Amino acid sequence: MGEKTFYVTTPIYYPSGKLHIGHALTTTMADTLARYKRLRGYDVYFLTGSDEHGQKIQRKAQEANLPPIKYVDQLVASFKGLWQRLNISNNDFIRTTEQRHKQVVQKLLQKIYDQGDIYKSSYEGWYCTPCETFWTERQLEDGNCPDCGRPVELVKEESYFFRMSKYADRLLQYIKDNPEFIQPISRRNEMISFIESGLEDLCISRTTFDWGIPVPMDPKHVVYVWFDALTNYISALGYGTEEDHLFHKYWPSAVHLVGKDIVRFHTVIWPIILMAAGIDPPRQVFGHGWLLVDGGKMSKSKGNVIDPIGLIERYGADAFRYSLLREMPYGADGYYNEEVLVNRLNTDLANDFGNLLSRTTAMIKKFNGGEIIAPTEQEEIDNELINMSKETQEQLDSALNNFEFSRALASIWRFINRANKYIEETAPWTLAKDTNKKARLQTVLYNMAESIRHATIMVSPFMPGVPVRVWEQLGITDVPSAHTWESIAEWGGIPAGTKINRGSPLFPRIDIKEQEGGSQVTETKNNKTDAKHENEINKEQISKEEQISIEEFSRIRLRLAKVLSAEKVANADKLLKLEVKIGDEKRTIVAGIAQHYQPEELIGKKVVVVANLKPAKLRGIVSEGMILAAVDGGSLSLISPERDNVNDGATVR
RNA sequence: GGCGGUGUAGCUCAGGUGGUCAGAGCAUACGGUUCAUACCCGUAGCGUCGUAGGUUCGAAUCCUACCACCGCUACCA
């Protein structure tokens, strides 16, 4: 027991549909913590799984004309496939339909029943007969069934109840005595006020469906949701069985990572179940915020659910994981979409980190014949870089212990940027021109490579695919002593005489091109194309471009507009603010034509505008449309009517 | 309704206990550099710190009111 143990879990996900990036976020957080703790020498156990019972599954399986178990088998396989692609290092995957889980749930239930904390009573709820479903008051829509819209009736059902109220005071005391238990603090406060408002007993069995674990003392009941699901955290450790060494080893060092929507179940119901069974509560529950996407919260009805698989395929697991953890502010909701990912990939991963490796290996190759030489001429400025590694390690540790993933990454990137600046300050390309500076040059090159080694180890829990590729390029694949956390306590882990292998970019930049309203993403071409060549490509593209129908074209409303006034937009070189008249309507349009037209020459001119373009804010000015212009390289010409027989407001087609 | 939170540069956000706290990153502009993935380094601009009052020598930071948005207010996995 003397050794450091760390037990981290994700919720067990419900296989009623595919997983989305929210699930990926929780699981990536858990994986990052697990990998970090392993790196730090902890004995880590990392659990995820699936919660497979319940009426909803039973019904979905029916619709699919499958036995429930076959139905969930498919989805669970897809879960596992996703975690594999995301590079998730879980030690176990628990399914609530497994025998090892069922027996623990039954044992736990029996134990609590035997001591009198479970009693039979009746559950009263709003029941929709056609749908065979109970609803709570809040779930009803205008008093009707939210699924079918038909009226519901108040029905009583025989159920077993868990005496939760009895433990309310003990739980409250526990939460108050252990400020670290619920994170972040805002969630903790919510839970305290929730408990203080009084706890009711919890209904833990149902008779209206049978896809669940039978209640041991009354098999016509099945165990209902939370009692079943939450127990996974100890059933996976073999609690109450003969094979319970994992339980003794890892409980109660558990850290449960959950989304904010299920914090209550993990911080109220779960600890009370454990208390009743005489088990210590978990050490910590962290409730992270949600990933908001375009349109707000992800939901199937909005159709804005983002599938992680596509993102992983396009950008790789490492970049995806990085963007998730980097964008998520501590404890609050974060905004996420593909553009955010690409932006992070380009700026942080490609420009800062990948390019640091690239320029370092390039210089070692060019100035040192590809060999890393022992450093012999350290200067004061080197210490700044070297010391910063240690500081960064401390910041990383403290941030991760507090679930501040974004902050942790920000610290590492300050170090990476320091390394880039170090190169600028020492200017190895200048040293290379002076044969007297040979030793200094080699020292600088060594420090550059070594700083990459440090950064790589720090970054490895977040992006587990990075180290192998960096070790390959630095030529230290066969030097395991240079891969450990302990090795970055010191500066100098790369053996002198190491031969580097300059390779392809660690993270290639991604180009986003706006096309036909949607964004199309392509990888930047590495070789530059000259203008002529580019022109040919353009021609090719025009002929190959996707063709659109006349209906699609007619969706774009082009109108003739007369320019009433024009002025330069302050602090913007390219922008002009125009007031235009389209028939009876006046509009403000901001156009990027200031380098081609003087404001005064535009007044009175008739131009073509896109009239139904979504308004956009440019430099704080709302632009209600767009002016059409022909563009050819650096030249630009507005499109104006050739004759004077048409007035503003006229349709252009 | 009750409890709690948020509102700071174009965007995302830092800013214990009131006095270099008006900041960072991205985006933009300009300059430098050439080792590098059109990259890196530097410089600059922009903000009445939600609004209106108040306390104070001094408030983004404390108090009051108001406006806007959000979370929790239980049995959905």
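Here is how names work: the chains are called A, B, and so on, in the same order as the sequence lines, proteins then strands, and each is numbered from 1. All heavy atoms count here, side chains included; hydrogens, waters and symmetry mates do not. Please read these numbers as outputs of a predicted model, since none were measured by experiment.
- Across the C1' atoms, B:rC49 and B:rG2 are found 30 Å apart, a figure rounded to whole Å.
- In this structure, the side chains of A:Ile57 and A:Val72 come closer than 4.5 Å at one or more pairs of heavy atoms.
- With B:rC35, B:rC76, B:rC41 as the choices, the nucleotide that has an atom nearest any side-chain atom of A:Val225 turns out to be B:rC76.
- Summarising the geometry, the separation between NE2 on A:His288 and C1' on B:rG71 is reported as 15 Å, rounded to the nearest angstrom.
- The aromatic rings of A:Phe265 and A:Trp226 lie parallel to each other, their planes meeting at an angle below 30°, with 60° marking the opposite boundary.
- Put simply, CZ on A:Phe265 is 11 Å from P on B:rA74, counting in whole angstrom units.
- Heavy atoms of A:Asp261 sit under 4.0 angstrom from at least one base atom.
- Residue A:Asp201 is in base contact, counting any heavy-atom pair closer than 4.0 Å across all strands shown.
- One finds a side-chain N or O of A:Lys421 lying less than 4.0 angstrom from the OP1 or OP2 phosphate oxygen of B:rG42.
- Counting any heavy atom pair closer than 4.0 Å across all strands shown, A:Ser358 reaches a base atom.
- Nucleic acid contact class of A:Gly354 (heavy atoms, under 4.0 Å, all strands): base.
- B:rU20 and B:rA36 have their C1' atoms separated by 38 Å, with the value rounded to a whole Å.
- Which of B:rC13, B:rU33, B:rC41 sits closest to the side chain of A:Trp429 comes down to B:rU33.
- Here B:rG4 presents its P atom at 17 Å from CD1 of A:Ile175, a figure rounded to the nearest Å.
- For A:Arg407, the side-chain atoms get nearest to B:rA14 when compared with the rest of B:rA74, B:rC40, B:rA14.
- In this structure, A:Tyr330 places its OH atom 19 Å from P of B:rG71, rounding to the nearest Å.
- As rounded to whole Å, 23 Å separates atom P of B:rG25 from atom OH of A:Tyr335.
- Remark: the separation of the P atoms in B:rG25 and B:rA44 is 12 Å, to the nearest Å.
- Classified by interplanar angle (parallel below 30°, tilted 30° to 60°, perpendicular above 60°), the ring pair A:Tyr330/A:Phe286 is parallel.
- Checked against B:rA36, B:rC35, B:rA74, the side chain of A:Leu199 finds its nearest nucleotide in B:rA74.
- Atom CZ of A:Arg264 and atom C1' of B:rC72 are 9 Å apart (whole Å).
- When the C1' atom is compared between B:rC13 and B:rG7, the two are found 13 Å apart, to the nearest whole Å.
- Each of A:Asp51, A:Asp73, A:Asn232 was checked for a side-chain hydrogen bond (donor to acceptor under 3.5 Å, both in side chains) with A:Arg95, and the lone residue meeting it is A:Asp73.
- One P atom belongs to B:rG50, the other to B:rU17, and the distance between them is 16 Å to the nearest Å.
- Considering only the side chain of A:Met164, B:rA74 comes nearest among B:rC13, B:rC41, B:rA74.
- Side-chain atoms of A:Thr96 and A:Glu52 include no donor-acceptor pair closer than 3.5 Å.
- Within the nucleic acid shown, A:Gly198 comes within 4.0 Å of at least one base atom, counting heavy atoms only.
- Looking at the side chain of A:Glu190, the nearest of the listed nucleotides B:rC72, B:rU37, B:rC75 is B:rC72.
- Spacing of C1' atoms, B:rG18 relative to B:rA22, comes out at 14 Å, to the nearest Å.
- Pairing partner, B:rA65: B:rU51, with both Watson-Crick or wobble hydrogen-bond distances short of 3.5 Å.
- Comparing B:rG25, B:rC75, B:rC35 against the side chain of A:Arg344 picks out B:rG25 as the nearest.
- A:Ile452 has its CD1 atom 13 Å from the C1' atom of B:rC40, to the nearest Å.
- Using the six-membered ring where Trp is involved, A:Phe462 and A:Phe405 have ring planes that are perpendicular, over 60° apart on the 30 and 60° scheme.
- Among the nucleotides B:rU37, B:rC72, B:rC35, the one closest to any side-chain atom of A:Met363 is B:rC35.
- As a whole-Å value, the separation of A:Ile192 CD1 from B:rG2 C1' is 17 Å.
- Among B:rA74, B:rC40, B:rC76, the nucleotide with an atom closest to any side-chain atom of A:Glu200 is B:rA74.
- OP1 or OP2 of B:rC40 has at least one side-chain nitrogen or oxygen of A:Asn351 nearer than 4.0 Å.
- Closest heavy-atom contact between A:Ala408 and A:Leu396: CB-CD1, 3.6 Å.
- Judged by distance alone with a 3.5 Å cut-off, no donor-acceptor contact links the side chain of A:Glu425 to the base of B:rC41.
- Of the candidate nucleotides B:rG71, B:rC76, B:rC13, B:rG71 has the atom lying nearest to any side-chain atom of A:Arg187.
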